[in-house]
Number of protein chains: 2
Amino acid sequence: MNDEGVVGVAELLDRTTAQTYASWFRALADPTRVQIVEYLARQAQAMSVREIVAAIGLAQSTVSQHLKILTEVRFVLVEPIGTARHYRINDACVDCFPSAADVVMGRPAPNPNGAC
Amino acid sequence: MNDEGVVGVAELLDRTTAQTYASWFRALADPTRVQIVEYLARQAQAMSVREIVAAIGLAQSTVSQHLKILTEVRFVLVEPIGTARHYRINDACVDCFPSAADVVMGRPAPNPNGAC
DNA sequence: AGGCTTAATCGCCTATCGGCGATGAACGAT
DNA sequence: ATCGTTCATCGCCGATAGGCGATTAAGCCT
């Protein structure tokens, strides 16, 4: 038995789109980053790294690394204030964050490196 | 300078909830799994592993591993048919897949191991 | 200038991930 | 009983991720 009994020929979702989706989801695929995002969202103003470190309870270098990942997908925004840097949630990116339904419908993924 | 100039005291999102969120997002944090999900969603009936392997173009063991990860969060469902196993999308899980807004609002995460 | 604070970066370590081929279990057909 | 098919699992490998401490750079304040 070796036929090609495929129903719909069904091209695969192109790899680039799949990778873009994956990079979005990877940003929230770590519990620490989930905590950081939820924490930042609950703050009225932008927070310094020192404050975030105090809240999260991990080393400053670790938190800094997570913040870098989150800013790379524009999930959080930075504003330099003197020697400090203030981080805050990017509400636009929260809105355009893809859903599973987007994946399932094969919708084009929002570009994490461009404007949301 | 060492005061606690925090605005809202702001408890951290509990680690268990954060981990549940992370495991949801991790399921779609790989481009191959995104392709598998999108492919399955576009099929009328459930597909055998052999068919999925043919579509994806990776080794059978690799695809099998990805399917295991996707079934663990109930993202896809399995039905054994003789010696084969037929996989299909779990529409309920697609619907309850968390959004970034859910994380930001600190909503309780849907349980990936229970019913969706 | 010198010292303090803040935060990014570097190097290291361990754990996990994603790929593979090989093996083996389960089942249908002969 | 034996063979073929289907698929999960195992062991291996290189690459990546996540944690840490130490270092470095950049501002501020005396």
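A, B, ... follow the sequence lines: proteins, then strands. Residue 1 opens every chain.
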Under 3.5 Å between N/O atoms: give me all the protein pairs with nucleotides 18-22 of chain C, atom names plus distance.
from   : atom 1 : to    : atom 2 : distance (Å)
C:dG18 : OP1    : B:R33 : NH2    : 3.2
C:dG18 : OP2    : B:R33 : NH1    : 3.3
C:dG19 : OP1    : B:T32 : OG1    : 3.2
C:dG19 : OP2    : B:H66 : NE2    : 2.3
C:dC20 : OP2    : B:A59 : N      : 2.9
C:dC20 : OP2    : B:T62 : OG1    : 2.9
C:dG21 : N7     : B:S61 : OG     : 3.3
C:dG21 : O6     : B:S61 : OG     : 3.0

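- Considering only heavy atoms from C-beta on, A:T17 comes within 4.5 Å of A:D14 through its side chain.
- Comparing the start and finish of the helix from C:dA1-D:dT30 to C:dT30-D:dA1, five pairs each, the helix axis swings through 10°, to the nearest 10 degrees.
- The one candidate from B:F97, B:F75, B:W24 that meets the ring pair (Phe, Tyr, Trp, His ring centres under 6.0 Å) condition with A:F25 is B:F97.
- For D:dT6, neither phosphate oxygen OP1 nor OP2 lies less than 4.0 angstrom from any side-chain nitrogen or oxygen of B:Y87.
- The backbone N or O of B:G106 sits nowhere less than 3.5 Å from a side-chain atom of A:E38 that would complete a donor-acceptor pair.
- Look at A:R85 and you won't find any side-chain N or O under 4.0 angstrom from OP1 or OP2 of C:dT6.
- The nearest whole Å value for the distance from the NE2 atom in B:H86 to the C1' atom in C:dC27 is 13 Å.
- Side-chain contact of A:Q65 with A:T62: a donor-acceptor pair under 3.5 Å is absent, judged by distance alone.
- B:D91 meets the side chain to side chain donor-acceptor pair (under 3.5 Å) test with no other residue; sequence neighbours excluded.
- Taking atom CD1 of A:I81 as the reference point, atom P of D:dA26 lies 18 Å away to the nearest angstrom.
- Rounded to whole Å, the distance from CG on B:L70 to C1' on D:dC7 is 16 Å.
- In this structure, CD of A:E51 is placed 14 Å from C1' of C:dT5, rounded to the nearest angstrom.
- The distance between atom CG of A:L67 and atom C1' of D:dG18, rounded to the nearest whole Å, is 14 Å.
- Judged purely by distance below 3.5 Å, without hydrogens or angles, the side chains of B:R15 and B:T20 never pair a donor atom with an acceptor atom.
- In this structure, the CD atom of B:Q65 is 8 Å from the P atom of D:dT9, given to the nearest Å.
- Proximity of a side-chain donor or acceptor of A:D102 to a complementary backbone N or O of A:S99 within less than 3.5 Å is detected.
- Taking atom CD of residue B:Q19 and atom P of nucleotide C:dT16, one finds them 12 Å apart after rounding to whole Å.
- There is a side-chain donor-acceptor pair under 3.5 Å between B:S48 and B:E51.
- Between A:R50 and C:dT6 there is a side-chain polar atom (N or O) within less than 4.0 angstrom of OP1 or OP2.
- For the residue pair A:R88 / A:Q45, no side-chain donor-acceptor distance below 3.5 Å is found, with atom types taken as modelled.
- Rounded to an integer number of Å, the gap from B:K68 NZ to C:dT16 C1' is 14 Å.
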